[in-house]
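Just so you know, these numbers come straight off a predicted model, no measurement behind them. In each ligand, atom 1 is the first atom listed, and ligand 1 is the first ligand listed.
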Amino acid sequence: MQFEAQVVAAYGRHLIVRDAEGIRYEARPFGRKLGAVCGDRVRCERDEQHAEIHVTEVLPREHVLLRANLKGGAEAVVANLTQLVVLLAPEPKADPFIIDRYLCAASSAGLRAVVFLNKIDQLDDESRSITDDLLEVYSQAGYLTLRGSASHGEGIKELRALLNGHISVFVGQSGVGKSSLVACLTQDQDIAIGALDRDAEGRHTTTASQLYELAPSDAATMDPTDGGALMDSPGVRDFAPAIDALEPGSLGFPEVDQLAINCRFMDCQHLKEPGCAVRAAVETGQLDARRYESYRRLRRLHADLTAARGPTTARGSHSTRR
Ligand SMILES: Nc1nc2c(ncn2[C@@H]2O[C@H](COP(=O)(O)OP(=O)(O)O)[C@@H](O)[C@H]2O)c(=O)[nH]1
Ligand SMILES: [Mg+2]
Ligand SMILES: [Zn+2]
């Protein structure tokens with residue numbers, strides 16, 4: 001028997017799918033090459049003989065968050081989302097370059113992106129000044145920014161309003177409060193807070209993401225029946241966006257994209273080219289110098305990952321499947 005379903009949890013190749021009636025089944029992909037991630041809509045087949053559910057096909061994805069693996073290939077993180085929420089906190093100390101790379105992946109994938117500063121209850125003078133400056137730069141770049149605290153409830157109503165009608169994913173470094181926020185927003189008591197996404201050797205454990213439906217909030221919305229949904233993601237030490245998915249000219253930096261209109265060359269990479277409007281904007285302070293440094297680093301990463309593919313795959317063929 002065949003049916004369509006959505007992947008609502010993925011622990012590596014161990015999947016939970018939910019059918020149209022809302023019934024959940026354990027399932028696994030049929031065949032090594034089939035990679036399904038949380039959020040994917042899939043075709044399933046019931047293997048009556050072994051009482052198993054097989055995922056036989058991943059249906060086309062509307063949007064997908066892609067990361068690069070060490071060989072320069074693209075891997076899906078979560079699928080069919082519409083919004084990315086990147087979290088930062090005073091502790092662990094924010095790495096703005098990771099935040100930037102998530103935001104570039106979001107811009108390039110056509111996702112709305114929100115920057116949420118969590119644990120504002122823990123801010124001191126120094127971390128307040130650092131995070132204020134960071135959020136100001138992101139806000140200038142056109143991203144939505146919010147501040148709050150999962151443990152004290154501040155900013156949660158405002159965040160909830162932004163989630164309405166969206167399929168959102170929470171991303172960010174381990175310990176910033178992703179699980180705490182999901183628990184807070186879904187009133188789910190079973191979510192592991194403070195759980196390390198690593199095993200005893202410090203290796204990251206199998207990718208685990210889960211999808212949670214959000215009950216319609218009382219906030220005035222166009223469609224009050226659609227509360228949206230939320231996906232979590234395991235903590236990361238680093239994040240590299242999939243290089244083929246990035247906007248070629250700006251790599252997904254909205255400020256660079258805007259400034260590039262005035263570069264002398266259409267294919268300007270904003271590195272050493274004469275008449276580069278992006279570099280000129282750094283000189284005058286119109287473009288934040290740290291964001292430009294981040295852009296340059298992502299260019300280097302792009303080159304390194306392209307080289308990592310080796311000569312045989314340089315034709316750019318890549319797979320979004322694992
Ligand atoms: N003070 C404070 N601690 C928080 C807040 N949110 C989360 N935490 C704590 O930060 C730690 C990591 O949280 P967790 O949700 O597991 O982070 P994750 O790794 O991003 O999922 C836990 O000890 C939480 O209790 C907050 O708003 N304020
Ligand atoms: Mg967590
Ligand atoms: Zn340029």
Checklist entry - S149 heavy atoms, cut-off 4.0 Å: which ligand 1 atoms fall inside? => result 26 (C), 27 (O), 28 (N)

Next on the checklist: Centroid separation under 6.0 Å, is that true for the rings of Y25 and F3?
Outcome noted: yes

Checklist entry - Does one side chain, of Y143 or S107, offer a donor that lies under 3.5 Å from an acceptor on the other? => result yes

Next on the checklist: Could you work out, with salt bridge (Lys or Arg N to Asp or Glu O under 4.0 Å) as the rule, every residue matching R112, not counting sequence neighbours?
Outcome noted: none

Item to check | Considering all heavy atoms, the nearest T186-L214 contact | outcome: CG2-CD2, 4.0 Å

Checklist entry - Do R18 and E213 sit within salt-bridge range, that is, some charged N less than 4.0 Å from a carboxylate O? => result yes

Item to check | Shared-cluster residues of L259, by chain and number - hydrophobic side chains joined below 4.5 Å | outcome: I243, L246, L251, F253, V256, L271, V278, V282, L287, Y292, Y295, L298, L301, L305

Checklist entry - ligand 1 versus V176, non-hydrogen atoms closer than 4.0 Å: side chain, backbone, both, neither? => result both

Next on the checklist: Within the 4.0 Å heavy-atom shell around Q122, which atoms of ligand 1 are there?
Outcome noted: 1 (N)

Next on the checklist: Regarding Y138 and D100, do their side chains bring together a donor and an acceptor under 3.5 Å, going by distance alone?
Outcome noted: yes

Next on the checklist: Any nitrogen or oxygen of S179 lying under 3.5 Å from a nitrogen or oxygen in ligand 1? Just yes or no.
Outcome noted: yes

Checklist entry - Quick check: does any side chain N or O of E154 sit under 3.5 Å from a backbone N or O of S149, one acting as donor and the other as acceptor? => result no

Checklist entry - Just by distance, with hydrogens left out, do S127 and D124 show a side-chain donor and acceptor under 3.5 Å apart? => result yes

Item to check | Nitrogen or oxygen of G148 less than 3.5 angstrom from that of ligand 1 | outcome: no

Checklist outcome for this item: Here the atoms of ligand 1 under 4.0 Å from any heavy atom belonging to S174 are 19 (O)

Item to check | N, O or S of S180 under 2.8 Å from the Mg ion (ligand 2) | outcome: no

Item to check | Other cluster members, I261 - Ile/Leu/Val/Met/Phe/Trp/Tyr, side-chain contacts below 4.5 Å | outcome: none

Next on the checklist: Looking at E273 and R264, is any side-chain nitrogen of the basic one under 4.0 Å from a carboxylate oxygen of the acidic one?
Outcome noted: no

Checklist entry - When you look for heavy atoms under 4.0 Å from ligand 1, do you find them on the side chain of D232, its backbone, both, or neither? => result neither

Item to check | Numbered atoms and elements of ligand 1 in range of S180, under 4.0 angstrom, heavy atoms | outcome: 6 (N), 7 (C), 13 (O), 14 (P), 15 (O), 24 (C)

Checklist entry - Of the choices K119, Q173, E154, E91, which has the non-hydrogen atom that lies closest to atom 8 (N) of ligand 1? => result K119

Item to check | N, O or S atoms of the protein lying under 2.8 Å from the Zn ion (ligand 3) | outcome: C263 SG, C268 SG, H270 ND1, C276 SG

